[in-house]
Each structure stands twice: as C-alpha cells, then as structure tokens.
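The structure appears below as structure tokens.
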Amino acid sequence: GIAEEMAVREWFCQLLTWNGKIVGKLSGDCKNSGRKLVADDLRPIELFAPLLGSAIGHARLLTNLGSVLRVSSSAVTCDTPTEIMMEVCRAAREIPGVDHSSVLLLDADDLSLGRIEAEYPLWGARGSTIPLPGVALAKRLTENRAPLVIPDVPNELGFGRLRDILAKLEIRSLLVVPIVSSGRPIGALVLDARKNSYKFTDADIALATIYASQVAVAIDNQRRQAES
C-alpha cells in the first residue's frame with residue numbers, strides 16, 4: 001500500500017466537519033521522527049480540527065457570497081424577470097463542475113409544457129419548448145417540490161422523450177431545483193455537467209435553491225405590479 005511505499009509506520013487521520021458535514025480531513029505521520037504516536041499527540045489535533053472545519057465551511061460560504069449578493073442586487077436593479085434569470089444562470093454557472101445552467105418555466109395553461117426562458121452560456125436552447133408528458137422526473141419535481149440530483153443522466157430511466165435531447169447535448173449530471181411561487185411550482189433552475197459527471201454537494205444545492213428563490217421573487221413582483 002501507499003503507507004508501505006512511503007515507509008510510514010504510524011499515521012493519524014482526523015475528519016474535519018462543519019454543520020454536521022464532512023468538509024475534509026487532517027492527517028499526518030511520524031516518518032521523520034520514527035517515534036510512536038501517543039494520546040497526548042492527538043489531543044491538540046482533536047481541539048484544532050473543529051476550528052479548521054469551521055474555517056473551511058465559512059471560506060466556502062464567502063466564496064459564493066459575492067455571487068449571491070450580485071444576484072440579490074440584480075433583483076432590485078433589473079427591469080424584468082428575464083434579466084434576473086440571466087443573472088441567476090451566470091451565477092449558477094460559476095459553481096465548480098457546472099458547465100451550463102438554464103431557467104425553465106412551466107406553461108401557465110398547460111403544465112405538460114415548459115419553456116427555456118434563460119440560459120448561460122448560450123447553447124441555443126433559450127426559447128425552446130420542452131414537452132414534459134411521460135417525464136417521471138418532472139412529476140417528482142412538481143409534486144415533491146424538492147431539488148432533484150441526477151448524477152448519472154445516461155442511465156436514468158425517468159427522462160422519457162427528453163433522453164435523446166440530453167444525449168445529444170452530452171449531459172452527464174443534472175441538478176434541478178424547483179421555482180415555487182405562491183406555494184406552487186412554476187418552473188425550475190437546471191444546472192448540468194457535460195461530458196464529465198459531477199457530484200453535486202449539499203452546498204451546491206443550497207446555493208442553487210437561493211438562486212431559484214430569487215427568480216420566484218422577481219416573477220411574484222412582476223405579477224403584483226401588473227395587478228396593481
């Protein structure tokens with residue numbers, strides 16, 4: 001094994017956690033000193049590990065904070081929901097592992113149809129109508145109103161007629177977050193990885209959920225203005 005190849009006799013590994021999630025590990029060995037590890041050696045590690053885990057977790061939040069603030073400010077400065085959707089797509093594309101993002105809104109009169117209202121980068125999908133009948137995943141999304149993570153798109157059975165479209169685009173992994181307005185799903189923010197699979201993390205899902213809520217707020221505001 002690796003330990004034998006490196007002539008390591010003893011080593012330690014301490015998991016680093018933040019908010020109940022594993023965010024890394026801290027490990028070391030006594031190769032140079034050649035002495036054995038004792039309990040007193042590990043106590044400082046155990047005390048330091050929570051601080052390091054918290055630092056990593058907060059650093060990740062700060063990394064995304066600029067994008068969240070930019071999207072939030074666009075909700076104030078942009079004139080139309082479409083502009084906010086474009087800003088959301090740009091921000092979502094910044095998540096590592098994401099190659100493309102889009103906003104799909106359901107047809108108000110026919111929930112079996114969806115329309116791509118915004119995307120980034122531009123793949124030519126904007127304005128496309130997506131038929132949803134027979135797409136089991138779409139039903140799960142609208143009924144459960146919870147994010148869907150599809151790590152292995154080619155082997156997922158719930159896409160129905162969308163399978164050929166996804167295959168043509170070489171999409172390997174998807175994160176689909178519902179956009180909910182006035183308690184009902186009206187669409188979804190879709191993040192996808194092309195060619196290479198990507199495992200979406202809890203942090204990715206939380207961030208995409210914030211972005212989806214911004215779209216919902218923009219649509220709600222436009223509807224209220226139209227009614228006033």
Side-chain angles (χ1 to χ4, degrees), residues 60-107 113-132 135 137-138 141 147-156 159-180 185-219 222:
R60 290 179 177 177
L61 284 179
L62 289 174
T63 299
N64 296 320
L65 183 59
S67 297
V68 173
L69 292 176
R70 189 175 73 241
V71 171
S72 297
S73 64
S74 73
V76 177
T77 58
C78 292
D79 295 326
T80 66
T82 300
E83 293 179 84
I84 298 173
M85 292 178 203
M86 285 299 300
E87 191 60 48
V88 161
C89 288
R90 291 190 189 97
R93 170 62 178 80
E94 295 174 6
I95 296 175
V98 174
D99 296 310
H100 177 263
S101 64
S102 59
V103 172
L104 178 144
L105 295 184
L106 298 175
D107 189 303
L113 294 176
R115 177 184 166 90
I116 304 295
E117 298 292 344
E119 65 167 339
Y120 188 83
L122 299 177
W123 284 3
R126 184 178 176 184
S128 300
T129 299
I130 308 297
L132 299 177
V135 181
L137 293 175
L141 183 72
L148 288 176
V149 178
I150 302 97
D152 186 9
V153 169
N155 292 314
E156 174 62 51
F159 284 113
R161 287 184 287 175
L162 289 180
R163 177 177 296 280
D164 292 340
I165 298 175
L166 297 173
K168 184 178 180 179
L169 293 173
E170 299 182 273
I171 293 176
R172 301 298 303 273
S173 302
L174 279 174
L175 168 60
V176 186
V177 180
I179 298 170
V180 180
I186 60 170
L189 173 62
V190 183
L191 283 60
D192 43 67
R194 290 182 74 187
K195 298 185 179 180
N196 296 311
S197 298
Y198 176 67
K199 184 178 180 180
F200 289 96
T201 67
D202 289 343
D204 297 336
I205 297 171
L207 189 59
T209 301
I210 292 174
Y211 293 150
S213 68
Q214 295 284 3
V215 175
V217 169
I219 292 173
Q222 184 190 49

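If you're wondering where the values come from, they're calculated on a predicted model, not measured in any experiment.
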Side chain to side chain donor-acceptor pair (under 3.5 Å) partners of E94, counting only residues at least two apart: S67, R70
Check: L191 and Y198 side chains under 4.5 Å, non-hydrogen atoms: no
Side-chain donor/acceptor of E119 to backbone N/O of C89, under 3.5 Å: no
N/O donor-acceptor pair under 3.5 Å between Y120 side chain and A91 backbone: no
Reported CG-to-CD1 distance for the pair D107 and I186, which is rounded to 0.5 angstrom: 12.5 Å
Side chains of L174 and V190 in contact at under 4.5 Å (non-hydrogen atoms): yes
Closest approach of S197 to S173 (non-hydrogen atoms, all atoms of both residues): CA-OG, 3.3 Å
Results of side-chain contact (heavy atoms from CB on, under 4.5 Å) for P154 - residues two or more places apart only: D152, R172
Separation between CZ of F200 and CG of D192, rounded to the nearest 0.5 Å: 7.0 Å
Atom pair CZ (R115) and CZ (R126), whose distance is rounded to the nearest 0.5 Å: 8.5 Å
Option among I210, I179, V215 that satisfies the side-chain contact (heavy atoms from CB on, under 4.5 Å) test with V88: V215
Heavy-atom pair with the smallest gap, counting every atom of A208 and L189: O-CD2, 3.6 Å
Heavy-atom closest pair, residues A125 and I116: O-CB, 3.4 Å
Contact summary for G97 and A193, nearest pair of heavy atoms: O-CB, 3.4 Å
Inter-residue atom distance L122.CG - M86.CE, 0.5 Å rounding: 5.5 Å
Side-chain donor or acceptor of R194 paired with backbone N/O of L169 under 3.5 Å: yes
Nearest-0.5 Å distance that lies between atom CD1 in I130 and atom CD1 in I165: 5.0 Å
Qualifying residues under side-chain contact (heavy atoms from CB on, under 4.5 Å), relative to D164, sequence neighbours excluded: none
Straight-line distance of I219 CD1 to T82 OG1, nearest 0.5 Å: 8.5 Å
Main-chain N/O of L105 paired with E117 side-chain donor or acceptor, under 3.5 Å: no
